[in-house]
Peer 1: 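Encoded as structure tokens, here's the structure I'll be asking about.
The analysis underlying the following values was restricted to heavy atoms, covering all of them including side chains, and did not include hydrogens, waters or symmetry mates. The sequence lines fix the lettering, A, B, ..., with proteins before strands; numbering per chain opens at 1.
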Amino acid sequence: MLIPLPDNAPRDRRFLTNEDGLIPITATTAARILPSLQRLAPGRRPDPLIPPSLVVSTGSRTLRNTLLIIGAAAALIAASGMIGCTMPADAKELGGATTVPVRTVSDEIVGQEIAILTAAPNVPAQITRTHATRVIVNIDVTEKAMRLADGVDYTMWTFGGTVPGTFIRVREGDLVELHLRNAANSTMPHNIDLHAVTGPGGGAHASLTLPGHETVFTFTAMNSGLYVYHCATSPVPMHMANGMYGMILVEPKAGLSKVDREYFVMQSEFYTKGKFGDPGLQTLDMDKGIDENPTYVVFNGSVGALTGPKALQAKVGERVRLFVGDAGPNLTSSFHVIGEVFDNVYAEGGTVATHNVQTTLIPAGGSAIVEFGVEQAGDLILVDHSIFRAFNKGALGVLTVSGPPEAKVFAAVKSSSPAAR
Amino acid sequence: MTSRRAAFIALIAVVVPSTATASAGVRREVTPASGTSDMAQLPAGTYRPLYTAPGESAVRVGAFALDRRPVTRAEFLAFVRVHPDWRRGSVRPLHAEPSYLSQWPGVLDAGTGSDLQRPATGVSWFAATSYCAARGKRLPTLDEWEYAAAASGTRRDATADPAFRRALLRLYAARASARLPIAGSGAANAYGIRDLHGAAWEWTRDFNSSHRLYCASGAIGAADPTNYPAFMRSAFRSALTARATLDGLGFRCAADQPV
């Protein structure tokens, strides 16, 4: 029972709502239905900001039903192009998309399995199970010097021995039993906060693990989606700047559509004492971190992790799905693939697809699932389109599409030659 | 039996703040490696902890004495020779995890050569507490340890000095790849104390009274959210239990007066 008035709403269009969502209607339509509305909700004091003709209450079930009918009518109007509206116009979606469910765990857990975890850019196979199960996830935390760029090492803190950490894939409703083991020679205790977890600290409280120790906690994957996980031990920025992040995919119960290639790409920053490319073992420059001035911005933990022989691969005619994350710790990513348009983007790792997207914004500590068919042979270039990062700090990757060129899709007609005067 | 009683008394001594009488009876069981000069005398003063109580800006620390370097393997070996209950394999599971002294080649073999001079690690809080009591000492309180550790080579309170912080972060980062150094080989701070930061983490008497350590909430209530070295120490201590035995965790002893 609200009537929001967006600041920029056109004068002739206001929004009626019921508890479940917004229904855009024209003032003309509103005037037509007004008598019945006022009959249903007599005596309602108008909000001064709202045209009195549109003040309604949904105090009765009858009125709610009426509004649903109005919504359906509005949807028809919108669909027929009579009004251009800025809100979703499908009545069913209006009702469903804005409902806030309080979930209960009701799936029966059948059997158990040990999760197969993969290092980037690879992801575990799509889930074919149609029931919930207990999934045992074993993650070993290690601290070790690893390559950040050619000639440059960095003492990385890792989930599973790699940066980004290993990819976890479960199904909505699964009961996940997470074992976090911290290597005996680690200098610090570590823990894990998975954004997919409904519970204190995303698991951080329960998983604070001393060197040489192990913790175990369980959680039910309540929401489907693509989620970041990271270490949340104080000081958190240090643990994340040193490489402690990865992703967990919770597949919806209906599964994901079949594609030919799935890859995992995670962007992150490194803040080093030395400049970009300065050789030797580099360590965290805390001041650069606080200033949000990274030395490196990379995909999959190092400069060149997705180029040359490590370039991603696909063939003409295949469908590609990228699970893209941004670990930060500071920057958002303007993720773009040069030479391709994303057919589907599940923005922020959620469940609604938008289509025909050139660049998608990925928040720090967030994700996106992007899908596209590859129709033309050649190298597609993955970048953060905050382009200095790609050119000067390392945020570059390659997806090599092999196969015959398709002239109908693209053809170079004339190479650079003197222009006619 | 004598040693068991001594250990028992030592534990009591920790629980009861007035340790003087309780520890007097066991003081000479272990011969100190050298004289009073092993301890530095610190004057009373104040320091600003990472987390302060509401309305509190600084904590007062009374005068005390602190070992100039961490307890070594050789010293801890001498202790377990006299106190069989604290030997690997004999220690009560309640008082130490299975990895207690596991780096040692044998129950009464702490290694050879320079290894004997490295900090004694893999020691639980209970064992460290008993060791100090057997020497007529005690573990330093968290406040005492941090007060002593706030000193750089030249200043007694260098907490706010960015160069000092950077140096500490370098020292902590270097621990990942290096084996433990010889105890006392690090640079002395303004009190003449060594290796508070450069060798192993160290037990304090009250080690896990820290709070608010998860994610960004760790910064709430912190005196200075840019003091990363202090956050690291605080996080480390917060994960500890008194049974914990870690390769990178040793200790040194304190006393009200130099012992």
Side-chain angles (χ1 to χ4, degrees), chain A residues 142-146 153-158 182-193 195 200-215 230-242 271-273 281-291 328-329 365, chain B residues 50-51 97-100 102-103 121-122 162-163 165-180 199-201 208 210-222 224-241 243-249:
Chain A
T142 57
E143 303 173 0
K144 59 180 177 179
M146 290 167 63
D153 285 342
Y154 187 96
T155 304
M156 309 257 184
W157 296 355
T158 78
N182 190 0
N185 64 352
S186 291
T187 56
M188 295 300 299
H190 296 290
N191 62 10
I192 189 167
D193 166 357
H195 291 180
H205 285 251
S207 62
L208 184 60
T209 311
L210 282 167
H213 287 63
E214 174 181 332
T215 56
H230 63 90
C231 183
T233 303
S234 180
V236 181
M238 169 181 276
H239 288 252
M240 294 191 68
N242 284 347
Y271 301 80
T272 62
K273 303 275 188 210
L281 180 65
Q282 293 289 331
T283 53
L284 172 65
D285 186 320
M286 200 191 76
D287 297 322
K288 283 186 183 174
I290 292 173
D291 291 344
Chain B
L50 182 59
Y51 295 106
E97 292 179 340
S99 64
Y100 178 73
S102 62
Q103 318 97 317
T121 59
R165 282 186 195 171
R166 282 196 290 272
L168 296 193
L169 290 177
R170 271 199 304 277
L171 287 171
Y172 294 166
R175 288 180 181 178
S177 46
R179 60 198 299 217
L180 290 170
W201 302 108
N208 59 3
S210 306
H211 62 303
R212 294 196 192 107
L213 287 157
Y214 299 100
C215 208
S217 66
I220 299 171
D224 179 354
T226 64
N227 193 351
Y228 277 39
F231 280 114
M232 292 172 79
R233 295 192 298 272
S234 175
F236 189 91
R237 292 184 191 117
S238 76
L240 291 171
T241 63
R243 291 178 68 232
T245 52
L246 308 178
D247 292 353
L249 176 61

Peer 1: Quick one: what part of L240(B) sits under 4.5 Å from any heavy atom of chain A, side chain, backbone, both or neither?
Peer 2: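 Both backbone and side chain.
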Peer 1: Can you name the side-chain hydrogen bond (donor to acceptor under 3.5 Å, both in side chains) partners of S102(B), sequence neighbours left out?
Peer 2: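 Expected list: none.
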Peer 1: Is it the backbone or the side chain of D285(A) that comes under 4.5 Å from a heavy atom of chain B, or both, or neither?
Peer 2: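 It is neither, since no heavy atom gets under 4.5 Å.
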Peer 1: What part of K144(A) gets closer than 4.5 Å to chain B, counting heavy atoms only: side chain, backbone, both or neither?
Peer 2: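 K144(A) has no heavy atom closer than 4.5 Å to chain B.
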Peer 1: Applying ring pair (Phe, Tyr, Trp, His ring centres under 6.0 Å), name anything that partners Y100(B), two or more places apart in sequence or on another chain.
Peer 2: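 Partners of Y100(B) under the ring pair (Phe, Tyr, Trp, His ring centres under 6.0 Å) test: none.
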Peer 1: Please report whether the ring centroid of H190(A) lies less than 6.0 Å from that of H239(A).
Peer 2: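 Yes, the ring centres sit under 6.0 Å apart.
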Peer 1: Can you tell me how far NE2 of H205(A) sits from CG of D193(A), rounded to the nearest 0.5 angstrom?
Peer 2: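 Here the rounded value is 9.0 Å.
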Peer 1: Go through the atoms of M238(A) and report whether side chain, backbone, both or neither lie under 4.5 Å from a heavy atom of chain B.
Peer 2: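 Both backbone and side chain.
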